[in-house]
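The structure appears below as structure tokens.
Keep in mind that this is a model prediction, so the values were computed, not measured.
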Amino acid sequence: MLLLVIGLSQYLKHVRPIRDVPIFERFPVLICVAIIWIYSLILTASGAYRDKPNATQLSCRTDRANLISTAPWFMFPYPLQWGPPTFSAGHSFAMMSAVLVSMVESTGAYKAASRLAIATPPPAYVLSRGIGWQGIGILLDGLFGTGTGSTVSVENVGLLGLSRVGSRRVVQLSAAFMIFFSILGKFGAVFASIPFPIFAALYCVLFGLVASVGLSFLQFTNMNCMRNLIITGLSLFLGISIPEFFNEYWNLKHRGLVHTNAGWFNAFLNTIFLSPATVGLIVAVFLDNTLEVEKSKKDRGMPWWVKFRTFRGDNRNEEFYTLPFNLNRFFPPT
């Protein structure tokens, strides 16, 4: 799967077999998922996984847990279908850390999406608007009783860069398809049968692309400055190693490295330090605002970011970040 995605999207992207349409550049994920999915169906039907370990069968088989046969044809989700909501102060405090982590990762995804779409960096007003709508989505998740809350899909941001398609209409149509498939249980089960290695290969490409976009913002700083090299190196290394350290202590007994008698406090700290993006941000912000701040304004790249701090700072913001259907009347830019 990994080799096929790289081959179609990078080496064959200029091949246009149908009327000069860049099929391999626009639809590499769709084509590759279909091919490898069919291949895994053939392997499952032929009994290739029959004597394999359970972990291999769980990851690679397309008929695991009889997903398709047991799924209902129609299922209409409605609010409070699992009963009335409950409230717990401890869980509320614990969820604050999850919201904080989600805001950090979402902000990074917004900036990466703007970069890949060749748009101006989103000003604070646009970031706040996006996180606010994300909060409304989480509220609806709670009402409908979903297993998890809503957050930005980092892999979709990577797909934007891989396929070079950044149209809002594509996102709107995708949302319509998702709503449609949520009602038809059989169709949702078919997509749930996609083997995990297919997703893993896509994540290698898409997450790697988003990570490299984040690193590309360093071009606006002076990377010949030892101060910036130290901040970048520590942020990257600690952002990877500290969450891994916390992850090693995660088990059913302790549930994380922090295990006091206050469960909400444990969940709060463990959730924050299990997020690589959040740990990296904490380290980078602390060092960048304490090490030679006044002397290094130009080396930090601050002059380049000044004009993007407000919505009116760049004329192109109106083109990129105006809401469709004249919704700006209700959400005027600040």
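Under the 4.5 Å side-chain contact rule for hydrophobic residues, Y11 and I23 share a cluster. Following chains of ILVMFWY side-chain contacts shorter than 4.5 Å, one cannot reach V170 starting from L173, and the two form parts of different hydrophobic clusters. Linking Ile, Leu, Val, Met, Phe, Trp and Tyr whenever their side-chain heavy atoms come within less than 4.5 Å leaves L291 and F220 in two separate clusters. Linking ILVMFWY residues whenever their side-chain heavy atoms come closer than 4.5 Å, directly or via other members, places L234 and M226 in the same cluster. Taking hydrophobic clusters as Ile, Leu, Val, Met, Phe, Trp and Tyr residues chained together by side-chain heavy-atom distances below 4.5 Å, V154 does not share a cluster with F196.
Atom CG of residue N222 and atom NZ of residue K298 lie 10.5 Å apart, to the nearest 0.5 angstrom. Taken to the nearest 0.5 Å, the CG atom of L8 stands 13.0 Å off from the CZ atom of F27. Note that CG of L2 is 10.5 Å distant from CD1 of I36, once rounded to the nearest 0.5 Å. Atom CG in D288 sits 7.0 Å away from atom CG in N228 (nearest 0.5 Å). For the atom pair OG1 (T232) and CG (L287), the distance works out to 10.0 Å, reported to the nearest 0.5 Å. Note that the CD1 atom of I194 and the CZ atom of F199 stand 4.5 Å from one another [nearest 0.5 Å].
Heavy-atom neighbours of W305 CH2 from other residues, nucleotides or ligands within 6.0 Å: above the threshold of 12. Atom CZ of F237 has 12 or fewer neighbouring heavy atoms from other residues, nucleotides or ligands inside a 6.0 Å radius. The 12-atom threshold is not exceeded at CG of L3, counting heavy atoms of other residues, nucleotides or ligands nearer than 6.0 Å. Atom CG of N289 has more than 12 heavy atoms from other residues, nucleotides or ligands within 6.0 Å. The 12-atom threshold is not exceeded at CZ of R50, counting heavy atoms of other residues, nucleotides or ligands nearer than 6.0 Å. Heavy-atom contacts from other residues, nucleotides or ligands closer than 6.0 Å to CG of L215 number more than 12.
Aromatic ring centroids of W304 and F217 lie 6.0 Å or more apart.
Looking only at distances, no side-chain donor or acceptor of T56 sits under 3.5 Å from a matching main-chain atom of K52. Looking only at distances, no side-chain donor or acceptor of Y110 sits under 3.5 Å from a matching main-chain atom of V152. When atom types are taken as modelled, the side chain of E155 and the backbone of Y203 share no donor-acceptor pair closer than 3.5 angstrom. No side-chain donor-acceptor contact under 3.5 Å links D141 to the backbone of T146. Between the R227 side chain and the R300 main chain, no donor and acceptor come within less than 3.5 Å of each other. Between the side chain of R26 and the main chain of S163, a donor-acceptor pair closer than 3.5 Å is present.
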Passes side-chain contact (heavy atoms from CB on, under 4.5 Å), L184 versus M75? Steps please.
CA-CA 6 Å; L184 298 177; M75 182 178 180; over 6 Å; no
Between F74 and F76, does the side-chain contact (heavy atoms from CB on, under 4.5 Å) criterion hold? Intermediate values first, please.
CA-CA 7 Å; F74 297 98; F76 295 94; 4.2 Å; yes
Using the rule given for side-chain contact (heavy atoms from CB on, under 4.5 Å), can you reason through L218 versus T221, listing the C-alpha separation, both sets of side-chain angles and the distance that settles it, and then say yes or no?
CA-CA 5 Å; L218 294 175; T221 65; 4.2 Å; yes
Between V21 and R16, is a side-chain contact (heavy atoms from CB on, under 4.5 Å) present by the stated rule, with each step listed?
CA-CA 6 Å; V21 177; R16 303 184 177 185; 5.9 Å; no
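Using a 4.5 Å heavy-atom threshold, the side chains of H14 and E25 count as separate. Contact of the F308 side chain with the P123 side chain is not registered, since no non-hydrogen atoms from C-beta on lie closer than 4.5 Å. Between C32 and M1, some side-chain heavy-atom pair lies under the 4.5 Å cut-off. Counting only heavy atoms from C-beta outward, the side chains of S114 and T120 never approach each other to under 4.5 Å. Residues F24 and P28 form no side-chain contact, since every pair of their non-hydrogen atoms from C-beta on lies 4.5 Å or further apart. The closest side-chain heavy-atom distance from L43 to C60 is not below 4.5 Å. You'll find the side chain of M223 reaches within 4.5 Å of the side chain of L229, heavy atoms only. Looking at heavy atoms from C-beta onward, M96 lies out of side-chain contact with T271 at the 4.5 angstrom threshold.
Scanning both residues, P77 and F144, for their nearest heavy atoms gives O-CE2, 3.8 Å. Counting all heavy atoms, side chain and backbone alike, P122 lies closest to L127 at CG-CD2, 3.7 Å. The shortest non-hydrogen separation linking L160 to A113 is CD2-O, 4.3 Å. Considering every non-hydrogen atom in both N247 and L274, the closest pair reads N-CD2, 3.6 Å. For the pair V279 and P243, the tightest heavy-atom approach, listed with the atom from each and the gap, is CG2-CG, 4.1 Å. Nearest heavy atoms, G158 versus L209: O-CD2, 3.1 Å.
Screening L4, L162, V205 for a side-chain contact (heavy atoms from CB on, under 4.5 Å) with S9, the sole residue that qualifies is L162. Among F268, F245, F246, the one residue that satisfies the ring pair (Phe, Tyr, Trp, His ring centres under 6.0 Å) test with F273 is F246.
Donor-acceptor pairing under 3.5 Å is recorded for the side chains of E105 and S275. Donor-acceptor pairing under 3.5 Å is recorded for the side chains of Q134 and S102.
Residues that satisfy the ring-ring contact (aromatic ring centres under 6.0 Å, His included) test with Y39, not counting sequence neighbours, are absent from this structure.
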